[in-house]
Amino acid sequence: MLRRQDVGHRVVVRRIVGVSHDRPLYTDALGELVDLTETDLTLATAKGTLRVPLKDVHRAKRVPAARRPPAADVVALELAANDGWPAPVQARLGDWILRAAGNWTGRANSALPVGDPDRTLEAAIDAVEQWYTARGQQALINTPMPLAAPVNAALDERGWTARPLTLVQTARVAALLETLPARADLPTVELADSPTDDWYAMVAEHKGTLPAPARQILTGVPDAVFAHVRDADGELLAVARGAVSGPDRWLGLSLLQTAPAARRQGLGAHVVRAVAHWAVQQGSARAYLQVEERNTPAVTLYQKMGFTTHHTYLTREAPW
């Protein structure tokens with residue numbers, strides 16, 4: 001049977017789905033184990049999230065990972081993503097990075113446990129808790145999987161909970177330009193070095209009030225662009241942010257949003273294409289984004305654009 005230490009790993013679950021002629025009927029599910037409680041387990045499968053009551057589980061076990069990227073590639077991408085979403089307050093714990101930004105977004109207010117914390121794992125977690133407590137914040141740790149499986153297991157023992165699974169997805173920038181058609185029938189995408197007031201307002205509708213640290217994050221990358229699409233009357237229809245960071249010049253796509261009345265018109269792909277074209281001029285060859293696995297509409301959209309999951313992470317929360 002599975003244990004908490006298996007969370008974040010690929011597993012196969014045989015479950016009972018019915019009875020025929022007094023004999024149980026079984027079906028198998030393959031995916032990443034994202035949660036395990038006393039009553040249920042939850043898998044992230046190719047067809048979406050699947051929650052299975054433990055009473056229906058006949059057999060379950062961990063299986064080898066499917067084409068996992070090398071650990072060094074996960075670390076490199078996580079560090080590039082940190083540079084592309086820079087928390088205004090950062091500190092080092094060995095190789096680990098501690099980040100704070102007034103509680104605006106989990107990414108900018110969590111520890112990133114990649115590399116050696118220069119102390120035992122238990123002492124490192126103690127130090128993380130102390131650092132955030134001193135700032136009046138709940139301690140959070142982002143755990144890239146399966147790289148941070150030992151960290152997750154230690155956090156389980158301490159009673160830390162987990163937010164929904166996040167997918168880190170990637171695509172070649174050239175492939176985005178090939179896949180996403182140019183649209184002459186849509187308004188031109190304007191690319192600016194800084195956000196406008198209405199750009200901030202559209203983002204705030206989704207992310208909530210933007211405190212000063214939020215604006216520092218959004219504008220704190222040297223190679224960043226802010227996309228705007230307006231109708232003939234100047235009303236904002238869609239926005240996005242692109243940031244190129246890291247030694248490998250990764251393009252980070254974030255805050256892609258469309259006004260409710262303008263959805264299902266291809267504006268999202270239209271904006272991403274424009275940002276990808278800009279990124280080529282900045283020397284970027286690969287793009288990434290981060291999306292919650294449960295956000296089915298967004299995951300579906302990105303899949304159509306050509307993004308695939310590179311790795312995943314859980315944002316772990318200390319008891320508070």
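Hydrogens, waters and symmetry mates are skipped; everything else that's a heavy atom, side chains included, is used. In this text, all values refer to a predicted model and were calculated from it rather than measured experimentally.
With hydrogens and angles disregarded, a donor-acceptor distance shorter than 3.5 Å links the side chain of Gln257 to the backbone of Met202.
Among the candidates Val239, Leu256, Thr258, the single residue satisfying the side-chain contact (heavy atoms from CB on, under 4.5 Å) test with Val271 is Leu256.
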Original post:
Does the pair Leu218 and Trp85 meet the rule for a side-chain contact (heavy atoms from CB on, under 4.5 Å), with working shown?
Top reply: CA-CA 7 Å; Leu218 296 176; Trp85 196 262; 3.9 Å; yes

Original post:
Could you walk me through whether Glu129 and Trp160 pass the side chain to side chain donor-acceptor pair (under 3.5 Å) check?
Top reply: CA-CA 11 Å; Glu129 292 178 339; Trp160 286 47; 3.3 Å; yes

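Hydrophobic clustering, with ILVMFWY side chains joined whenever heavy atoms are under 4.5 angstrom apart, keeps Val173 apart from Val221. Hydrophobic clustering of Ile, Leu, Val, Met, Phe, Trp and Tyr side chains at less than 4.5 Å, counting indirect connections, keeps Tyr302 apart from Val168. Both Leu165 and Leu2 are members of a single hydrophobic cluster when ILVMFWY side chains are connected at heavy-atom separations under 4.5 Å. Follow the hydrophobic side-chain contacts under 4.5 Å out from Leu43 and you reach Val299 in the same cluster.
Between Arg316 and Asp156 there is a salt bridge, since at least one side-chain N of the basic residue sits less than 4.0 Å from a carboxylate O of the acidic one. The existence of a salt bridge linking Arg92 and Asp118 is excluded, since no basic side-chain nitrogen approaches an acidic carboxylate oxygen closer than 4.0 Å. We find that Glu122 and Arg158 are joined by a salt bridge, their nearest charged nitrogen and carboxylate oxygen being less than 4.0 Å apart. Ion pairing of Arg230 with Asp198 is present here, as a side-chain N (NZ or NE/NH1/NH2) and a carboxylate O approach within less than 4.0 Å. With salt bridges taken as basic N to acidic carboxylate O contacts below 4.0 Å, one links Asp6 and Arg62.
Side-chain contact annotation: Thr42 with Arg51, donor-acceptor N/O pair under 3.5 Å present. Checked by atom type, the side-chain pair Ser110/Arg99 shows a donor-acceptor distance below 3.5 Å. Between the side chains of Thr309 and Gln169, at least one donor-acceptor pair of N or O atoms lies under 3.5 Å. Under the 3.5 Å distance criterion, with hydrogens and angles disregarded, a donor-acceptor pair is assigned to the side chains of Thr312 and Glu32. Looking only at atom types and distance, the side chain of Trp104 has no donor-acceptor partner in the side chain of Gln216 under 3.5 Å away.
At least one side-chain heavy atom of Pro144 sits less than 4.5 Å from a side-chain heavy atom of Leu112.
Within 6.0 Å of CG on Asp193 lie no more than 12 heavy atoms contributed by other residues, nucleotides or ligands.
The distance from the CG atom of Leu237 to the CD atom of Gln265 is 7.5 Å, given to the nearest 0.5 Å.
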